[in-house]
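Computed from a predicted structure; not experimentally measured.
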Amino acid sequence: MTTQMRAVSQHRYGGPEVLEVVKIGLPTPGPGQALVRVHAAGVNPADWKIRSGTVRKFGTPPFTLGLDLCGVVEAVGEQATRFRPGDEVYGCAFPPHGAYAEYAVVPVEALAARPASIDHVHAAALPVAALTAWQALVRVAAVRTGHRVLIHAAAGGIGHLAVQIAKARGAYVIGTAQESKHTFLRGLGADELIDYTTTDFAAALRGIDVVLDPISGDYGPRSLDTLTPGGILIDVRGAGPDRATVREQAKARGVRFVEFGFTPSGIDLESVTDLVERGSLRVAVEHVLPLEDAAKAHELSETNRMKGKIVLTL
């Protein structure tokens, strides 16, 4: 096996222009890790937040970005017994050995077998967005039949998956999105749609049990008015403005407010796989670009106007 690989690296924080394709040495899997030959890497807002320095939990550059991947196990470290070389997997990688590379080292507990009914590109688009939606709606909110669920940015990477997951749980699903995306969302099962450019959702809606908010900003305080007593607002934005005010307002109204970040989990990905294989969950991929176009992928992602996901291929 080769000892060198192509990877998208950055040596400083900044805009998309700091990303460059370089040749670096292959990482070595340690205990509980697998070396995955990457076929496709999903692009998430978290990627450009890390690139810009908004999120600094992975230390300082240089590092390789990318959280979502799908590929084939090339080698495993000690105590990594869940998978063997040759297994097709998808899951979550982390800088400094991220998914924007020909190979990535990944904890085996963050991997699951690739869904057989979809290809590498679509599998690579799932992990972060699907885990965020599934864990927030299932583990945190316990969405069930009879619940009224409001999903903001419903056509986005997290949103369009959350619509389907909530529907699969038996909920009545309302989404906010531009009117041009309503047909797409109806095809995913949304029961009601609000064009946020023409209608104030906070004035139009009441009796909501669960709000999933990937936007933050003023969407949190405005969403509180829609909640039924005991309802829950889940903010999945990640890095963003301080939420102290909305937290206090939620408490005063007798509703819950949760700042949520996904947990990499191969076990939860297996639940996502089950939904995919049953035909209850499909991921939309709006752009497929080569690894060399990672900077362009970030530019597209930062517009916050995507329908579904962006995927890089190798």
Can you find a heavy atom in the side chain of [X] that is under 4.5 Å from one in the side chain of [Y]?
X      : Y      : answer
Leu275 : Arg278 : yes
Thr3   : Leu26  : no
Asp225 : Arg253 : yes
Arg51  : Pro16  : yes
Val89  : Arg114 : no
Leu300 : Val43  : no
Gln4   : Ile24  : no
His97  : Val106 : no

Sidechain-backbone polar pair: [X] side chain, [Y] backbone, donor-acceptor under 3.5 Å:
X      : Y      : result
Ser301 : Ala297 : no
Gln164 : Arg282 : yes
His152 : Tyr219 : no
Arg82  : Leu111 : yes

Q | Given Leu205, Val255, Ile232, the one that forms side chain to side chain contact (heavy atoms under 4.5 Å, CB included) with Leu227 | A | Val255
Q.
Name the residue from Leu212, Thr176, Val210 that meets the side chain to side chain contact (heavy atoms under 4.5 Å, CB included) definition with Leu150.
A. Thr176
**Q.** side-chain hydrogen bond (donor to acceptor under 3.5 Å, both in side chains) pairs, two or more places apart, involving residues 123-143
**A.** Gln135-Asp268, Arg139-Asp268
Q | Sequence neighbours excluded - side-chain hydrogen bond (donor to acceptor under 3.5 Å, both in side chains) pairs with any residue from residues 18-32 | A | His11-Glu20
Q: Examine Phe94 and Trp48 and state if one hydrophobic cluster contains both, with Ile, Leu, Val, Met, Phe, Trp and Tyr joined whenever side-chain heavy atoms are less than 4.5 Å apart.
A: no
Q) Linking I/L/V/M/F/W/Y whenever their side-chain heavy atoms sit closer than 4.5 Å, directly or via other members, would Leu281 and Phe184 fall into one cluster? A) yes
How long is the straight-line distance from [atom2] of [Y] back to [atom1] of [X], given to the nearest 0.5 Å?
X      : Y      : atom1 : atom2 : result
Thr226 : Phe201 : OG1   : CZ    : 7.0 Å
Leu193 : His182 : CG    : NE2   : 5.0 Å
Glu192 : Arg186 : CD    : CZ    : 10.5 Å

Q: Write down the atom of Cys92, the atom of Phe262, and the distance for their closest heavy-atom approach.
A: SG-CE1, 3.8 Å
Q: Please name the pair of heavy atoms, one in Asp68 and one in Pro127, separated by the smallest distance, quoted to 0.1 Å.
A: OD1-CB, 3.2 Å
Q.
Walk me through whether Ser52 and Thr54 qualify under side chain to side chain donor-acceptor pair (under 3.5 Å).
A. CA-CA 6 Å; Ser52 66; Thr54 304; 2.9 Å; yes
Q: Check salt bridge (charged side-chain N to carboxylate O under 4.0 Å, His left out) between Asp47 and all other residues, then give those that pass, not counting sequence neighbours.
A: none
Q: Please identify each residue that fulfils side-chain hydrogen bond (donor to acceptor under 3.5 Å, both in side chains) with Glu292, with sequence neighbours left out.
A: Arg6
Q) Any Lys/Arg nitrogen of Arg222 or Asp200 sitting under 4.0 Å from an Asp/Glu carboxylate oxygen of the other? A) yes
Q: Taking only Lys NZ, Arg NE, NH1 and NH2, and the carboxylate oxygens of Asp or Glu, determine whether Lys307 and Glu286 approach each other closer than 4.0 Å.
A: no
Q | More than 12 heavy atoms of other groups within 6.0 Å of Arg206 CZ | A | yes
Q: Begin from the C-alpha positions of Asp235 and Ser216 and carry the test side chain to side chain donor-acceptor pair (under 3.5 Å) through to its verdict.
A: CA-CA 7 Å; Asp235 186 321; Ser216 197; 3.2 Å; yes
Q) His120 vs His39 aromatic rings, parallel, tilted or perpendicular, using cut-offs 30° and 60°? A) tilted
Q) Listed by chain and number, what are the ring-ring contact (aromatic ring centres under 6.0 Å, His included) partners of Phe63, not counting sequence neighbours? A) none
Q: Kindly give the cluster partners of Val121, where membership spreads through any ILVMFWY side chain lying under 4.5 Å from a current member.
A: Val285, Val288, Val311
